[in-house]
Amino acid sequence: MKRIYLDYAATTPVDKEVLKAMMPYFSDKFGNASSVHSFGQEAIAAIDQAREKIAKLLNCDFNEIIFTGSATEANNLAIFGITRNFQFPLLRQGFGGQAISNFQTNPKSQSLNSKLHIISTVIEHESVLEPLKELERLDHEVTYLPVNKDGFIKVSYLEKAIRNNTVLVSIIYANNEIGIIQPVKEIGKLLEKINAKRKTAGLGRIYFHTDAVQAFQFLECRPDWLKVDLMTFSGHKIYGPKGIGALFVRKLIPIGLIKPIISGGGQEFGLRSGTENVANIVGMAKAVELVFKNKEARFKKVLNLRNQLLDYIIKYNKGIGLNGSLDLSTSLRTSNRLPNNLNIRFPGLNNETLLVALDQKGVAVSAGSACSARASKASYVLTALGLTEKQAKESIRITLGKDTTAEEIKKSAGIISILYKKLKS
Ligand code: PLP
């Protein structure tokens, strides 16, 4: 039986070209990038080239890209990195050990040891939500913006939530479960205006972070275009290797304001100590290159197949529901749902029952995000849209990939319909 994989939001296979680029760094070119000899030089040159390639494609500077061990770590670095400056004023080794006082950067509003305020959403990935909970335990304040039934936050709510002590806004670009795209550029523009006013008023800048892990493959992600200060992306969601992520950190963030969460040998401009994973870094750069080369084509292809799948499922399964808004737009810049995502509710059927039955027939889908897939809890993203726990547990996520075929779509639609009828009765 040829298995059909429709869980590309969980992870993607490593592209052949990516693997080829990585291979020498497991064997012949195995040097430690911190070594002075030629083996080390070869490694650091590969890292430099990878960073340069990504920076060029994202239209940013070489030293604005920090490689991490995962996107989870990049999200942690963004959130703790900014806030640790205020919590631990003596820890000042970020960006090569230069010191900076938070009074220098945030004269009135965000004084030493004062409560900080962060704005985010209820539908962030756990790698943002858990660090935020940790900050709340440390007595800081977090506003979690709600979403409407379609999955969108309201920019006006965000504006109203801003306080004098707000230091960070972190908004997911495209959600991993429902694929809904938040108006990140609009928020970036708004914060730009607000920050100009704050500067005149002597208030500290509000930094803007986005988790672009799911968006990166399909949407416009250049930080200048989005007007973000920090942006997270991941290797294994874009046909790169697992265990590599990156954080864009805008240079305007004062030296030393962002603190490392892992300290040691001072790699990655002091922001992420640890011997660099050269093969993964090279692989990630290749994957990013391929994304930029093929973004439009991938977008159109998966959009077309996703819409076909939806048509089949709607036609043959009465009463099913689609979770989150569905925009049929074909534009990279105006779409409001990722082109490869469907999140469908099959009333009267537990999603795990359907998932297991589908797997037995060779079709792999998901009951939620990969991280929470092992726990049989109702998805907090779906309940945030207003679904009951029961309805959330009736829902499955289907995500297509660049190599998904029309045959696979037709076949899986047939299998889904047969199983739904059988299992429901
Ligand atoms: N953010 C989002 C939106 C994700 O979908 C994921 C992975 O599922 C992550 C962050 C974490 O990525 P990583 O697996 O690289 O830690």
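Bear in mind the structure is a predicted one, so any value in this text is a computation, not a measurement. All ligand and atom numbering here is 1-based and tracks the order in the structure.
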### Message
As an exercise, identify every atom of ligand 1 less than 4.0 angstrom from a heavy atom of His236.
### Response
13 (P), 14 (O), 15 (O)
## Note on the structure
Counting heavy atoms under 4.0 Å, the part of Lys242 that contacts ligand 1 is neither
### Query
Among Lys402, Lys20, Lys293, Lys286, which one satisfies salt bridge (Lys or Arg N to Asp or Glu O under 4.0 Å) with Asp15?
Lys402
### Query
What part of Thr72 sits under 4.0 Å from ligand 1 if we count only heavy atoms: the side chain, the backbone, both or neither?
both
### For ligand 1, the portion of Lys237 having any non-hydrogen atom under 4.0 Å away
side chain
### Query
Between Glu64 and Lys251, is the closest basic N to carboxylate O distance under 4.0 Å?
no
### Query
Do any nitrogen or oxygen atoms of Ser127 lie less than 3.5 angstrom from nitrogen or oxygen atoms of ligand 1?
no
### Query
In terms of atom number and element, which parts of ligand 1 are under 4.0 angstrom from non-hydrogen atoms of Ala71?
11 (C), 12 (O), 13 (P), 15 (O), 16 (O)
### Between Phe30 and Tyr25, ring centroids under 6.0 Å
no
### Query
For ligand 1, which atoms have a heavy atom of Asn176 less than 4.0 angstrom away?
3 (C), 5 (O)
### Query
Just distances here: any N/O of Ala9 and N/O of ligand 1 closer than 3.5 Å?
no
### Task
Tell me whether the guanidinium CZ or amine NZ of Lys154 lies under 6.0 angstrom from the six-membered ring centre of Tyr157 and within 45° of its axis.
yes
### Message
Is any side-chain heavy atom of Ile320 closer than 4.5 Å to one of Tyr420?
### Response
yes
### Query
Is the NZ or CZ atom of Lys295 both under 6.0 Å from the centre of the six-membered ring of Phe299 and within 45° of that ring's axis?
no
### Message
Check this for me, if you would: do Arg163 and Glu141 make a salt bridge, where the nitrogen-to-carboxylate-oxygen distance has to be below 4.0 angstrom?
### Response
yes
### Message
Within ligand 1, which atoms have a heavy atom of Ile172 less than 4.0 Å away?
### Response
3 (C)
### Query
Out of Ser234, Gly243, Ala246, whose heavy atom sits nearest atom 15 (O) of ligand 1?
Ser234
